[in-house]
Structures are given as C-alpha cells and as structure tokens.
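Every value quoted in this text rests on a predicted model; they were computed, and no experiment measured them. Start at 1 with the first residue, then count along the sequence.
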Amino acid sequence: MPRARRGNHSAKKGGGSRGSRNGTRGDSEASEDEAASDVLSHCSSASETVSVAEEGTGNEVDYQAQLEQRLDKLKEDIENVMDKSVKTRLAALGNLRLALSSQVLADFLVERRITLAEALERCLKKGKEEEQTVAAIVLSLLCIQLGCGAEGEELFRCVKPVLTNLVTDSSAGLSARQSCATCLGLCCYIAAEDVEDLISTVCCLEGIFTSCYSNCSAPSPALQGLLCCAMQSWALLLTICPASHVHKVLESHLPRLPGILSCESVSLRIASGENLALLHELGHDLDEDFFYEDTDSLCVTLKALATDSNKYRAKTDRRKQRSIFRDVLHYIENGEFQEETIKFGLEVMFMDSWARRRTYNAFKEILGSGIRHHLQYNEVLREIFSLGPPLVLDAATIKASKISRVEKHMFNSAAFKARTKARNRVRDKRADVL
C-alpha cells in the first residue's frame with residue numbers, strides 16, 4: 001500500500017441534496033404525468049392542513065419522500081446507461097454525473113457498483129467519443145464515492161485495462177482520451193493497492209506527454225488538453241510513489257521538463273512549471289540537501305515567464321501564467337510555498353505544499369462546484385486530506401456561525417482594502433524594475 005496515511009473507506013455515510021420531482025413509473029408517459037400530478041396535489045393539500053405542532057413530522061416525511069424519489073430516479077438512470085438508444089444513455093450519464101458530483105451516495109452505490117461499472121465499461125468500449133468522455137467522468141465520480149476499500153480496488157482492476165487502451169489508442173477521440181487519462185490517474189490514486197499497478201499507470205501516463213520534450217511546437221487545442229491531463233495525472237501519482245521510483249523520475253525528467261517552458265501552449269507551460277515545483281518538493285522530501293545543478297538558468301526562465309507581458313497572448317492567459325510562475329519561482333528560489341486556505345462549511349483546509357495543491361486540484365476538476373460538499377461529508381476525501389470524520393452540527397450551531405449582512409459587508413471591505421494595498425506594492429516593485 002503506497003499511501004500509509006489512508007485507511008479503509010468501507011464505512012461511508014450517504015448524503016442527499018436537492019433532488020428532482022419525478023412521478024411513479026407507469027406504463028406510459030401520460031400515466032406517469034398523471035401519477036406525478038396526483039402525488040404533488042395530494043402532498044400540497046396535505047401540507048396545507050398540517051398544524052404548527054406537526055410541522056417537524058411533516059418535514060421529515062417530505063424529506064423521506066423526496067429522498068426516495070431521488071434514489072428511484074438514480075436507479076432508473078443506472079438502467080438507462082445500458083439502453084440501446086444513444087440519446088437515452090447520454091441523458092442517463094449526464095444525470096449520474098450531476099448526482100454523484102453533488103451528493104454523497106456511497107451506501108446506495110455499493111449495492112449497485114457492479115451493474116454500474118459494467119455499464120460504464122460497455123460505454124467506454126463501444127460508445128462514440130462523447131459517450132466515452134462522459135462515461136470516464138462518471139467512472140471517476142464512482143471511484144471517489146467508493147474509496148480505496150475492497151470495492152474501490154475491485155473497480156480499478158476491472159476498468160484499468162479499458163482506460164489504458166483508450167488513453168494509448170491514437171485513433172480514439174482526443175476528448176475521450178483526455179477524460180480517460182484523468183480517470184486513470186484519479187482511480188489509481190484512490191484505489192490502487194499494488195505498487196506494480198501504480199508504477200505501470202505512471203509509466204503509461206508518462207509515455208503520452210514525453211513527446212513534448214522533443215517537439216515544443218503548439219499542438220492542437222484538443223491535443224493540448226490530453227497532454228496536460230496526462231502530465232497532471234502523472235504528477236498526482238508521483239505524490240504517492242515509492243522513494244525509489246521518485247529518484248528515477250528526478251534523474252530522468254528534471255533536466256527535460258524545463259524544455260516545455262518554451263512551448264507556445266500556455267496550458268502546457270503552466271503544467272510544466274507546476275510539475276517542476278512538485279519535483280523539487282519531492283526531491284527535498286527525500287533529501288534535505290537536494291540541489292538541482294541547473295537552478296540558475298531555470299530561475300532566469302521562470303522569472304521571464306512570471307513577468308511576461310507579450311501582447312499576442314490573451315490577457316487572462318498572461319495573468320494566470322504570471323501568478324503561477326511567481327509562486328513556482330518563489331518556491332524554487334526560497335523553498336517557501338505560498339499557503340492557501342479552502343473554506344467549506346465551518347471548516348478550513350490549508351494548502352501548504354505543491355503535492356497537496358495538486359491533489360486538491362485533481363478532485364476539484366472532477367467534482368466542480370460539489371467539491372465543498374464532498375469535503376464536508378465524503379469520508380474518502382476527508383481521509384485523503386486528513387480532515388477527520390465529518391462534523392455533526394445542530395441547527396443552533398449552524399445559525400450561530402452565520403454572520404449578519406452588515407458584518408459580511410465590513411469584512412469584504414477590509415479584505416478589498418488589504419488586497420488593493422498588497423497589489424499596489426507589487427505594482428510599485430514592477431515599476432522600479434522597469
């Protein structure tokens with residue numbers, strides 16, 4: 001087991017959020033609409049007659065009814081993933097993607113993991129590019145829900161050959177290969193128990209982006225996405241690789257990665273810069289006296305990218321590039337990471353290393369806006385980021401933690417002033433240099 005800090009995630013709690021209102025299933029769409037109308041009208045008339053003393057009980061009944069409706073809809077979506085109609089399958093995959101990214105449904109999915117895994121595997125093998133892309137995303141979400149227990153390991157061993165074949169298949173669609181590269185790295189990070197599986201996956205991803213070392217011309221946008229995803233997934237897995245393999249990676253890739261910094265693609269330059277910082281961090285973790293011989297020339301290149309003002313680049317690209325390469329340069333020169341804080345609910349998580357930042361970004365890219373909900377309630381993520389068990393808060397505590405609108409306005413004003421002062425200091429330094 002390459003990750004000693006993580007334990008078994010077999011004990012998970014399900015969660016629920018907003019669901020969709022669906023009627024009971026019938027023989028036709030008309031009967032479904034009528035049944036749904038009857039249910040909703042009945043609930044509406046019943047809620048009007050509930051007394052104040054019975055509101056608590058009524059809310060509990062409504063919540064249970066809505067939860068059952070959501071779960072019934074998910075069961076239907078899982079069945080529709082195996083439908084003959086491509087349109088039906090895509091709709092079902094989209095619904096599953098939304099549900100799994102916004103809710104914690106581990107208990108529900110454990111019982112149906114084999115059925116859903118087989119359906120997703122079939123979509124990856126026989127589907128077209130769009131279907132393969134969404135299926136890989138849903139597969140990543142399923143692995144996040146199941147965790148690194150026996151269920152997650154079984155899922156990874158089942159889908160690894162399919163994902164590996166798609167990622168390395170030059171005839172497959174680029175967006176599908178991109179999603180599969182992300183899925184392969186994430187599933188391996190969560191569920192791989194065997195070091196050989198880990199190393200083989202690292203080598204597979206490595207083989208995709210090493211072509212950039214010899215050819216730094218601007219690839220097509222779709223190919224840029226594949227190369228970046230492969231690099232990011234590769235970097236994610238390096239954070240849990242054994243020391244012996246990290247030594248080999250440092251010797252092989254550290255001299256060659258700076259070559260991508262001259263690539264015309266902004267996304268590839270940024271991915272390369274972040275990976276350089278991560279490799280330096282891993283090197284220092286292995287040996288406190290770690291030193292890269294070509295540090296001076298590397299810092300010159302990084303400084304140029306951190307102050308790049310070429311007008312032919314998009315303004316947003318220049319801003320993002322400068323921000324990231326300032327952090328990379330500061331770390332390589334001084335060994336100091338610019339700490340970040342992530343707030344979710346009443347909790348705060350600190351980003352204090354490049355490895356932790358890469359891990360957080362990997363999950364954020366898949367979960368999207370649902371990342372905060374999963375950080376609060378998903379035991380898999382809480383175990384990975386060492387957050388402990390989910391907090392159990394009563395309504396009074398949640399209400400007491402909320403600040404008033406006036407206090408929020410004053411806080412935002414103070415933060416704005418502090419941010420403006422800090423930016424003005426940086427601008428003054430740039431003016432002096434120029």
- [ ] For I78 and F108, work out which heavy atoms get closest and say how close.
- [x] CD1-CE2, 4.2 Å
TODO: Given side-chain contact (heavy atoms from CB on, under 4.5 Å), test Q376 with L346 step by step and report yes or no.
DONE: CA-CA 9 Å; Q376 283 182 274; L346 303 181; over 6 Å; no
Open item on the list: For a quick test of reading the model, state the closest non-hydrogen atom pair linking C263 to L268 and the distance between them.
Closed with: SG-CD1, 3.8 Å
Task: S272 (side chain) donor-acceptor with L257 (main chain) under 3.5 angstrom - done: yes
- [ ] Run through L375, L236, I371, V380 and flag the one making a side-chain contact (heavy atoms from CB on, under 4.5 Å) with F363.
- [x] I371
- [ ] Working to the nearest 0.5 Å, report the span between CD of E383 and SG of C148.
- [x] 7.5 Å
Task: Heavy-atom donor-acceptor pair, Q132 side chain to L124 backbone, under 3.5 Å - done: yes
TODO: List the steps, then state whether side-chain hydrogen bond (donor to acceptor under 3.5 Å, both in side chains) holds for E281 with W354.
DONE: CA-CA 7 Å; E281 182 178 85; W354 287 100; 4.9 Å; no
Open item on the list: If we count only N and O atoms by modelled type, under 3.5 Å, do the side chains of T133 and S175 hold a donor and an acceptor together?
Closed with: yes
Open item on the list: Let me confirm one number: the CG-OG1 distance from N80 to T88, rounded to the nearest 0.5 Å.
Closed with: 6.0 Å
Task: Distance (rounded to the nearest 0.5 Å) between L155 CG and L120 CG - done: 8.5 Å
TODO: Tell me, please, whether Y360 has R358 positioned over its six-membered ring: NZ or CZ under 6.0 Å from the ring centre and within 45 degrees of its axis?
DONE: no
- [ ] Report yes if some heavy atom in the side chain of L163 is under 4.5 Å from a heavy atom in the side chain of L139; otherwise report no.
- [x] yes
Open item on the list: Using side-chain contact (heavy atoms from CB on, under 4.5 Å), reason through C204 and T168 one step at a time and then give a plain yes or no.
Closed with: CA-CA 8 Å; C204 172; T168 55; 3.9 Å; yes
Open item on the list: Set out, in order, the CA-CA distance, both residues' side-chain angles and the distance that settles ring-ring contact (aromatic ring centres under 6.0 Å, His included) for H280 and Y331, then state yes or no.
Closed with: CA-CA 9 Å; H280 276 77; Y331 179 79; 7.5 Å; no
Open item on the list: Could you check whether any side-chain heavy atom of L302 comes within less than 4.5 Å of a side-chain heavy atom of R326, counting everything from C-beta outward?
Closed with: no
- [ ] Please round to the nearest 0.5 Å and tell me the distance separating atom CG of L282 and atom CG of L286.
- [x] 7.0 Å
Open item on the list: Go through it in stages, so that I can follow the logic: the residues are L237 and C188, the test is side-chain contact (heavy atoms from CB on, under 4.5 Å), and I'd like the CA-CA distance, side-chain angles, deciding distance and then a yes or no.
Closed with: CA-CA 8 Å; L237 296 181; C188 182; 4.0 Å; yes
TODO: Would you give the length of the straight line joining atom CD1 of I137 to atom CG of L142, rounded to the nearest 0.5 angstrom?
DONE: 14.0 Å
TODO: Apply side-chain contact (heavy atoms from CB on, under 4.5 Å) to the pair F156 and T201, showing each step before the final yes or no.
DONE: CA-CA 11 Å; F156 175 66; T201 305; 4.1 Å; yes
Task: Carboxylate-amine/guanidinium contact R382 E347, below 4.0 Å - done: yes
Open item on the list: Please give me the minimum heavy-atom distance between L100 and V138, naming the atom from each residue.
Closed with: CD2-O, 4.2 Å
Task: R177 and V167, any side-chain heavy atoms less than 4.5 Å apart - done: no
- [ ] May I ask you to say whether E79 pairs ionically with K73, meaning some side-chain N is under 4.0 Å from a carboxylate O?
- [x] no
Task: Separation of M82 CE from C123 SG (nearest 0.5 Å) - done: 9.5 Å
Task: Check: S140 side chain, A136 main-chain N or O, donor-acceptor pair, under 3.5 Å - done: yes
Task: Within-4.5 Å side-chain heavy-atom neighbours: D72 and Q69 - done: no
Open item on the list: Under a 3.5 Å distance rule, please check whether D169 uses its side chain to pair with a backbone N or O of N165 as donor and acceptor.
Closed with: no
Open item on the list: Using a 3.5 Å distance criterion without hydrogens, assess whether the side chain of H374 forms a donor-acceptor pair with backbone atoms of S101.
Closed with: yes
Open item on the list: Under 4.0 Å between a side-chain nitrogen and a carboxylate oxygen: does that hold for K126 and E131?
Closed with: no
Task: Whether over 12 other heavy atoms sit under 6.0 Å from E130 CD - done: no
Open item on the list: Strictly distance-based, threshold 3.5 Å: is any side-chain N or O of T182 a donor or acceptor partner for the main-chain N or O of C229?
Closed with: no
Open item on the list: Tell me whether Q321 contacts the main-chain N or O of L305 through its side chain, where contact means a donor paired with an acceptor under 3.5 Å.
Closed with: yes
Task: Considering all heavy atoms, the nearest L166-C180 contact - done: CD1-SG, 3.6 Å
Task: Taking every non-hydrogen atom, the tightest pair across N275 and A235 - done: OD1-CB, 3.2 Å
Task: Contact check, side chains of L184 and S233, non-hydrogen atoms, under 4.5 Å - done: no
Task: Partners passing salt bridge (Lys or Arg N to Asp or Glu O under 4.0 Å) against R97 (at least two apart in sequence or in another chain) - done: none
TODO: Mark yes or no for whether R419, through its side chain, and A414, through its backbone, hold a donor-acceptor pair below 3.5 Å.
DONE: no
Task: Donor-acceptor under 3.5 Å (R89 side chain, K84 main chain) - done: yes
Open item on the list: Taking the side chain as everything from C-beta on, heavy atoms only, tell me whether I270 gets closer than 4.5 Å to F325.
Closed with: yes
TODO: Provide the full list of salt bridge (charged side-chain N to carboxylate O under 4.0 Å, His left out) pairs with a residue in residues 286-300, sequence neighbours left out, each pair given once.
DONE: none
TODO: Identify the heavy atoms of F344 and M349 that sit nearest to each other, and give their distance.
DONE: CE2-CB, 3.7 Å
Task: Geometric class of the F209/H253 ring pair [parallel <30°, tilted 30-60°, perpendicular >60°] - done: tilted
- [ ] Start with the C-alpha gap between R113 and E154, add the side-chain angles, then the distance that decides, and say whether salt bridge (charged side-chain N to carboxylate O under 4.0 Å, His left out) holds.
- [x] CA-CA 10 Å; R113 68 185 186 281; E154 179 186 9; 3.5 Å; yes
Open item on the list: Quick check: do L141 and L96 have side-chain heavy atoms less than 4.5 Å from each other?
Closed with: no
Task: Charged N-O contact under 4.0 Å between K125 and E121 - done: yes
TODO: Tell me, with the steps shown, if H373 and Q103 meet side-chain hydrogen bond (donor to acceptor under 3.5 Å, both in side chains).
DONE: CA-CA 7 Å; H373 178 81; Q103 305 172 53; over 6 Å; no
Task: Side chain proximity check, D327 to E274, heavy atoms < 4.5 angstrom - done: no
Open item on the list: When you compare the side chains of S85 and D83, does any donor N or O come within less than 3.5 Å of an acceptor on the partner?
Closed with: no
Open item on the list: Could you go through D197 and K160, starting from their C-alpha distance and side-chain angles, then the distance that decides it, and tell me whether this counts as salt bridge (charged side-chain N to carboxylate O under 4.0 Å, His left out)?
Closed with: CA-CA 9 Å; D197 286 337; K160 181 189 173 184; 3.5 Å; yes
Task: Side-chain donor/acceptor of S200 to backbone N/O of E196, under 3.5 Å - done: yes
